[in-house]
Amino acid sequence: MNSTIIAQMAVSGAMMGLVYALIAYGFQLTFSTSKSINFGQGELVMLSAFFSLTLLNWGVPYWLMVPGGLLFGVVLGLAVERAGVRLALEQKSEGWILLTIIIGLLGFSAAENIWGRDDRPFPTPISSDALHFFGISITPLEISVAVGVFAVMGLIELFKRKTLLGKAFEAVSADRDAAELMGISATRTVMLSYGLSGMVAAMAGILVSPITTVGPTMASALILKAFSVAVVAGLESGFGVVIVGIFLGALESLTSFYLGSGWREAPGLILLILALAVRPNGIFGKATIRKV
Amino acid sequence: MLEIDNLTVAYGPMEAVRGISFTIKEGAIETLIGPNGAGKTTILNTISGVIPAQSGRILFNGRDITRMSAHKRVPAGVVQVPEGRQILAGMTVRENLELGGYRRPHREALRDLARMEDRFPILKERCNMLAGTLSGGEQQMLAIARGLMARPKLLLLDEPSLGLAPKMVQTVFAIIRQLHDEGLTILLVEQNAHLALAVSSHAYVVESGKIVLDGPAEVLRTDQSVINTYLGQAG
């Protein structure tokens, strides 16, 4: 067994792990403002991917499809907030858990009816011809995933730190009442967080589709692992999800290589169980003082 | 300016404020004194909108704001400096001030920010430090300055002396007196009845969610029951 193969598996896995990290980051966005998450987030990934594919089929050029797909994600995120989250939060109930699951199921049925059950290829202008670095091959498509993930997360973090609206977002996350006393609407900030979270889901869909193909069930495995990453890293961990995502992706890829692809899903689930048992606040969770 | 009419506030089945009425005139500085848990902070939180009123009315400049959400009362002119200061510890001093002026036009807010840093030189000195690293007194000044950034018409101050060193308490109260001299209407909640009565024109004694006594501050200062209960120990 030589080390190049191990490195190769780890790198390819890590690229996939970045997609988990991106979706987990979407969970964090809404959790920070409202202590709620969208359990139908996987359907947002899938629906946005289908919508983006449809745009391509209509002849929209790839680079125009991207903002279109992201915008669709924002709209879906806002719809989830309005239909599934806002009323529950106003009544201080946990109803959003069930409601977001139900909205996800609706989205799933809608996708099956509109686009059918088959998996479809997602065309991309980015090449899949392997490049070689130090004996490890990596495709421009994989690189584009990493670039896309970091671009979206970086832009959102920049927005949160450098703009007044972004700082208001952080203020609501830190102390909802104090923010209201400064004239910041907590409700609108929660809306904003769901919009951003939807956009992040759409980005994940656009990035991953050329690799996994597009189908109604494309996100079911993804979302489980994104959830593992979010819980293991901690729902308030910021960039902790990137580290855990890369780690999980690499671990999965090595597991399936050594134990067979049937074991591929095991590391994510084992990590999730361990995390919930040992550190429910996550490795990077709020045990220490976090300065934003 | 502010009219509270038969206000009741409840946490679940427990009534924290039971049918309180009072009014505050423009330019006045008035204070609520009373023991811990009497409902003073609840009254302030209901005026600022953080806690919903169960019944009764809150009129601000003749406008019914009883059901208005907290963030809308800020641009209307009702601004609270909360107890325990609630500054944003993970943000810089300047960011805290910026957010204080969140609802104001950007240029105006920037001008006021400069004015606020002139008024509180320590905040200018510490402008890029995280607010959580400030001392208690500095945090209280930041909290007041942040409240002023919203250009309040009515300033609600909740326990501004809480946890501060005696010297700092004097400084903070000097600021409060100055704000009053500039014409700002202030409603103060204070444990330190001595100081509160010294700066205020009118005071209300709150016990178990009710106003049990009220009158001009100098009269309450000589009232035997107030002396016994609230001024006694400190002489």
Side-chain angles (χ1 to χ4, degrees), chain A residues 28-29 31-34 81-82 86-87 89-93 156-193 234-240 281 284-292, chain B residues 12 41 44-45 47-52 68-92 94-106 109-110 113 129-133 142-143 145-152 155-158:
Chain A
Q28 285 187 342
L29 285 171
F31 189 79
S32 67
T33 59
S34 64
E81 190 274 339
R82 189 68 194 86
R86 192 181 301 177
L87 276 175
L89 290 181
E90 275 169 11
Q91 294 165 7
K92 307 215 184 315
S93 92
I156 292 176
E157 287 301 311
L158 213 59
F159 157 76
K160 288 204 288 187
R161 280 153 215 225
K162 295 295 170 202
T163 68
L164 190 61
L165 185 62
K167 287 171 189 173
F169 184 103
E170 295 282 70
V172 171
S173 305
D175 188 334
R176 186 188 171 100
D177 282 350
E180 280 271 332
L181 289 178
M182 289 181 266
I184 300 165
S185 167
T187 309
R188 285 178 63 180
T189 308
V190 172
M191 272 176 71
L192 174 65
S193 71
L235 275 166
E236 314 194 9
S237 72
F239 285 116
N281 290 330
F284 303 96
K286 276 242 165 131
T288 54
I289 301 165
R290 190 172 64 102
K291 305 284 188 199
V292 182
Chain B
T41 293
L44 282 201
N45 284 339
I47 297 172
S48 66
V50 179
I51 295 175
M68 194 186 264
S69 48
H71 66 89
K72 286 188 184 144
R73 297 187 202 197
V74 174
V78 181
V79 175
Q80 180 179 11
V81 177
E83 184 181 348
R85 306 182 276 268
Q86 293 188 5
I87 52 145
L88 299 164
M91 291 195 201
T92 67
R94 181 161 287 161
E95 285 171 329
N96 268 271
L97 291 174
E98 276 173 20
L99 283 172
Y102 182 70
R103 294 297 285 264
R104 313 243 338 278
H106 186 60
L110 279 183
L113 184 76
M129 286 174 65
L130 291 180
T133 64
L142 174 59
R146 187 181 69 187
L148 294 175
M149 284 294 296
R151 283 276 174 104
L155 187 67
L156 308 168
L157 286 170
D158 196 358

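Chain A is the first sequence line, chain B the second, and so forth, proteins listed ahead of strands; every chain is numbered from 1.
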Between A:I184, A:L165, A:D175, which shows the greatest number of heavy-atom pairs under 4.5 Å with chain B? A:I184
Between atom CZ of A:R176 and atom CD of B:Q86, what is the distance when rounded to the nearest 0.5 Å? 13.5 Å
Show your reasoning for whether side-chain contact (heavy atoms from CB on, under 4.5 Å) applies to A:E180 and B:V50. CA-CA 8 Å; A:E180 280 271 332; B:V50 179; 5.5 Å; no
Contact summary for B:V74 and A:G183, nearest pair of heavy atoms: CG2-N, 3.5 Å
CG of B:N45 to CG of A:L181: how many Å apart, nearest 0.5 Å? 7.5 Å
When the 4.5 angstrom heavy-atom criterion is applied to B:L99 and chain A, the contacting part is both
So, taking the atom named CZ in A:R188 and the one named NE2 in B:H71, what distance separates them when rounded to the nearest 0.5 Å? 8.0 Å
With chain B, which of A:A168, A:S185, A:A179 has the greatest number of heavy-atom pairs at distances under 4.5 Å? A:S185
CG/B:L88 to NZ/A:K167 distance, rounded to the nearest 0.5 angstrom? 11.5 Å
Just give me the residue among A:A186, A:A174, A:A171 that pairs up with chain B most often, heavy atom to heavy atom, under 4.5 Å. A:A171
Using every non-hydrogen atom in the two residues, find where B:R103 and A:M182 come nearest and quote the distance to one decimal. CG-O, 4.3 Å
Please classify the contact between B:R73 and chain A as side chain, backbone, both or neither, with a heavy-atom cut-off of under 4.5 Å. neither
